[in-house]
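Everything on this sheet refers to the single structure shown next.
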Amino acid sequence: MREKLSIMRWKSFLCFKSLPLIVGIFFVGTVYVINVYVIHYSLQLSPDSISSRPRLISGRKHESLYLDKDSTYGRRDSHQYNDIKDPDGLDIFYDTFKLQLLGIIKTPEDQRIRDEGYREHAFNELISSRLSFHRKLPDSRHKLCESVTYQSDLPQASVIICFYNEAWSALLRTVHSVIDKTPPRLLYEIIVVDDYSQNENLHEKIAEYIWNILPHKIKLVRTPQRLGLIRARMYGARIATAEVLVFLDSHCEVNVKWLEPLLARAAENRRNVAIPVIDIINSDSFEYEASPLVKGGFNWGLHFRWDHLPSGYFNEKEAMILPIETPTMAGGLFAINRQYFFEMGQYDSGMDIWGGENLEISFRIWQCRGRLDIIPCSRVGHIFRKRRPYGSPNGEDTMTKNSLRLAHVWMDDYIKYYFQLKPQARNINYGNITDRLELRKKLNCNSFEWYLKYIYPEQTLPDMDNKSPKPLKKYKKSQPARNKATYINTGWLKHKSSGLCVQTEGDIYVKKSLLLLADCIAGNQTQEWSETNDHEFQLSKLLCLDVESSSVSNSYARLMKCHGSGGSQSWIWRSQNKVSQLYNPASGKCLVPFHDAGTTYLTIAICTDNPEMSFKLQSNDKIPHGQLTM
Ligand code: UDP
Ligand code: MN
């Protein structure tokens, strides 16, 4: 069917629209087939799409994209963003130390990129822009996944990536990672949907990039107006033609063999919706961290949450690789049979911008006899941000509106629990839901009571909440349990050029005490610094050297409770022209003295080889070395 359609389009294109192109096609004889492909795509696109300009690209062989990765480096339109500071290329991930140095601010321009990146994207764009589009990731799957094999006739996928004002580097790393990690035969196309982004020239630049480098598999389309992620995904799905649709956010990196297990699951039964495990790309450091195997739930405020699997679930090793039945999905990362997606009513097109659509599709799939599973052997990294960097056009609370829509359509009487928690939501206009109610009727779906009883029996009602097991702490913020940290060095933290020592202004026990330079005194607890193997500097093994960095001004270094999660308390020795500095990856800057009304405090500044930045930790024999238990 697909083949037939494509030939028809191709013929009509030749006959009516493209005489000049026929001449062109003769000139590129050897890449004839590829160009047919390009033109075919150009016709499928909507009229408002930039990429729909019929153009002839001297296409490269498809496979070369997979083998010849380096040749895509440093090309026109990409060199200024990509790979400039990643000399070790593909292996940089494995060295956390190098990854942290990648965030160093060297010029005011670096500072601008970083500040703007945090403002507009809520992640460290300086690091993102310096990281390779092809960086290597740790294989975060369970070992058993390596021996799983998949049938040779897996269906093909259309990967749909919607974005709104996305950072160039994050978006293209997403696209490249899909190209790099997916066997060509399984990847029918990537559909990149620009949801009417406002970034200047972003669309044109991406169109150019794609046309120059990856023309044959990627379609870029632009929505005629801001649709919001829900309708933007539907917009992309309408263009897609492969058997399976796979949705991704525009700031992901897929991992080894990510697609095969999703396709295999979707191929088993068209009602299977398959979800990868979402690994964490740290929004400050871009470190890649494997996520634990958990499942999706929700609370009565209709927020998604992660739930533990029952104890004993992993007693059988096989459980590490088998699909995990999940009551809900976290967001926009999943694979679904295309026809089934449409039969099931896609998404609720009355939902705006962001929020609620993940619970809506989850309830709908389950209540209407489909199923959702997390597939442990499929791993996709996602940048989890601490805030959403965009709003809705008129500042509406789209999460509440969307939640109301889904609750009214799918939750029957259980909506009362939502209203108990959010009484003010009763007065909010949620639009017309007739179509969705009809859909529910047409699909002859089960009740919400059925869903709770059979799919989410662990869920408790608000009045029972004190008896309920504690839900997981908010997933995005959960930290791995802290291991024993080891002291690697203890002594004075000496400012080399002045010969003075870093000490606290106040008491060693007092949080927020500022740090300053003073004469070095042996045996003085206010000057006893211990460096740990996770880059903390603890004063008298109590509080940590900490600095708050903001784009406007840098505050003074101070003592804070050690939080064990790096960031403002991570200090790495770095040498610049023999000046040994203490570099703080979270801010991209180095420790430096700052004179203020007769006192020399410490702050952070752009790292230079000015001897003023030179510090050392000078061992002091009187201070014992030892183990620290946290
Ligand atoms: N998105 C979009 N249009 C919008 C808002 C978001 O296309 O109006 C895209 C966004 O760029 C991202 C995806 O939808 O690729 C999901 O949004 P986001 O990552 O902000 O959601 P989160 O991961 O925080 O749930
Ligand atoms: Mn996201």
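Quantities reported herein were computed from a predicted structural model and do not represent experimental measurements. Order of listing sets the numbers, starting from 1, for every ligand and every atom in it. All values below come from the heavy atoms of this structure, side chains included, with hydrogens, waters and symmetry mates left out.
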* Partners of C377 by disulfide (SG to SG under 2.5 Å), sequence neighbours excluded? -> C145

Show which atoms of ligand 1 fall inside a sub-4.0 Å distance from at least one heavy-atom site of [X].
X    : value
D249 : 13 (C), 15 (O), 16 (C), 19 (O), 23 (O)
R385 : 18 (P), 19 (O), 20 (O)
Y390 : 5 (C), 6 (C), 17 (O), 18 (P), 20 (O), 21 (O)

* Would you say the ring centroid of F448 lies under 6.0 angstrom from that of Y456? -> no

* To do: Decide if the gap between the ring center of H303 and the ring center of F298 is smaller than 6.0 angstrom.
  => no

* Asked: Taking the six-membered ring of Y164, is the NZ or CZ of R226 close enough (under 6.0 Å from the centre) and on axis enough (within 45°)?
  -> yes

* **Selection from D195, D352, L248 by shortest heavy-atom distance to atom 4 (C) of ligand 1** => D195

* Asked: Hey, looking at atom 8 (O) of ligand 1, which of H382, R226, H251 has the closest heavy atom?
  -> R226

* Look at ligand 1 and say whether G331 reaches it with a heavy atom at a distance under 4.0 Å. => no

* Any N or O of R233 that comes nearer than 3.5 Å to an N or O of ligand 1? -> no

* To do: Say whether A232, considering both its backbone and side-chain N or O atoms, lies within less than 3.5 Å of an N or O atom on ligand 1.
  => no

* Considering only N, O or S atoms, which atom of D249 is nearest to the Mn ion (ligand 2)? -> OD2

* Got a sec: does the OH of Y340 have more than 12 other heavy atoms crowding it under 6.0 Å? -> yes

* What do you reckon, is CD of Q424 surrounded by more than 12 foreign heavy atoms closer than 6.0 Å? -> yes

* To do: Report the angle formed at the Mn ion (ligand 2) by atom NE2 of H251 and atom NE2 of H382, rounding to the nearest 10°.
  => 90°

* Structure fact -> Sorted by chain and number, sequence neighbours left out, side chain to side chain contact (heavy atoms under 4.5 Å, CB included) with S283 holds for F123, I383, K386

